[in-house]
Each structure stands twice: as C-alpha cells, then as structure tokens.
Amino acid sequence: MQITPDLIKYLESLARITLTEDEEKKVGGELQDILSYIDMLNELDTDGVEAMSHCFPLTNVLRSDTVKASMSPDEIVANAPESQDGAFVVPKTVE
C-alpha cells in the first residue's frame with residue numbers, strides 16, 4: 001500500500017489535526033516505513049504457531065469463591081446518619 005498525499009489529508013481529517021506541508025511529508029514517510037515493516041512481518045512463516053496474548057504463560061490467579069456469612073441489613077445501616085426500612089436515606093438529588 002502506498003501512502004499518498006490524499007491519504008495523509010484524509011487521516012488529518014479523521015484525527016482532526018492540521019499538519020504543515022513538511023509535517024505531511026515526514027508523517028507520510030514514517031507511515032510508509034511502518035507499512036513496509038508490516039509487509040516484512042507478513043512474509044514470515046507462522047504455520048503451526050499458536051496465537052497468544054502474552055509472550056509469557058500467564059494465568060489469572062483468583063481466590064476460590066466461597067460463601068461466607070454477611071451482615072444483616074440492620075447491622076449495615078446501624079451507623080448511617082439516617083435510615084428507613086433497612087435502607088440509607090440520602091438527600092434528594094433529582095426533582
């Protein structure tokens with residue numbers, strides 16, 4: 001794929017930025033270098049290589065999910081400045 005001045009202008013509009021003519025040339029060259037490198041990577045033989053999200057074998061370490069006794073509603077609202085029917089009473093924010 002070739003990076004054209006029209007493509008640079010289009011990318012400018014998508015990014016909502018304005019580049020000077022010198023910046024457009026510089027960015028165009030940099031984008032072309034990136035695409036050339038990607039083309040080089042596409043030439044690699046990856047048959048038989050398993051896809052992975054990390055280069056190290058990482059696994060999530062999670063604690064076991066065990067049921068424990070919890071507090072009663074009365075205990076939960078015991079320290080509340082104001083409660084009603086086992087719920088916190090707060091100032092009205094929407095009219």
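No experiment lies behind these values; they were computed from the predicted model shown.
By the salt bridge (Lys or Arg N to Asp or Glu O under 4.0 Å) test, K26 pairs with no residue at all, sequence neighbours left out. Taking L62 as the reference, N60 meet the side-chain contact (heavy atoms from CB on, under 4.5 Å) condition, with sequence neighbours excluded. A search for side-chain contact (heavy atoms from CB on, under 4.5 Å) contacts involving T93 returns nothing, not counting sequence neighbours. Judged as a side-chain hydrogen bond (donor to acceptor under 3.5 Å, both in side chains), and not counting sequence neighbours, E82 has no contacts. Under the rule for a side-chain contact (heavy atoms from CB on, under 4.5 Å), M52 has no partner lying at least two apart in sequence or in another chain.
Checking side-chain atoms of T4 against main-chain N and O of L7 turns up a donor-acceptor pair under 3.5 Å.
At most 12 heavy atoms of other shown residues, nucleotides or ligands fall within 6.0 angstrom of atom CG in N79. Heavy atoms of other residues, nucleotides or ligands lying less than 6.0 angstrom from CD of E75 number more than 12.
In this structure, the side chains of Y10 and L14 come closer than 4.5 Å at one or more pairs of heavy atoms. Taking the side chain as every heavy atom from C-beta outward, L31 and L11 approach each other to under 4.5 Å.
If you chain together hydrophobic residues whose side chains sit under 4.5 Å apart, L41 and I34 never meet in one group.
Listed by first and then second residue, the salt bridge (Lys or Arg N to Asp or Glu O under 4.0 Å) pairs involving residues 2-15 are K9-E24 (not counting sequence neighbours).
Shown here for S83 and V77, the closest heavy-atom pair between the two residues is CB-CB, 3.9 Å.
Distance check: L19 CG to K25 NZ gives 13.0 Å after rounding to the nearest 0.5 Å.
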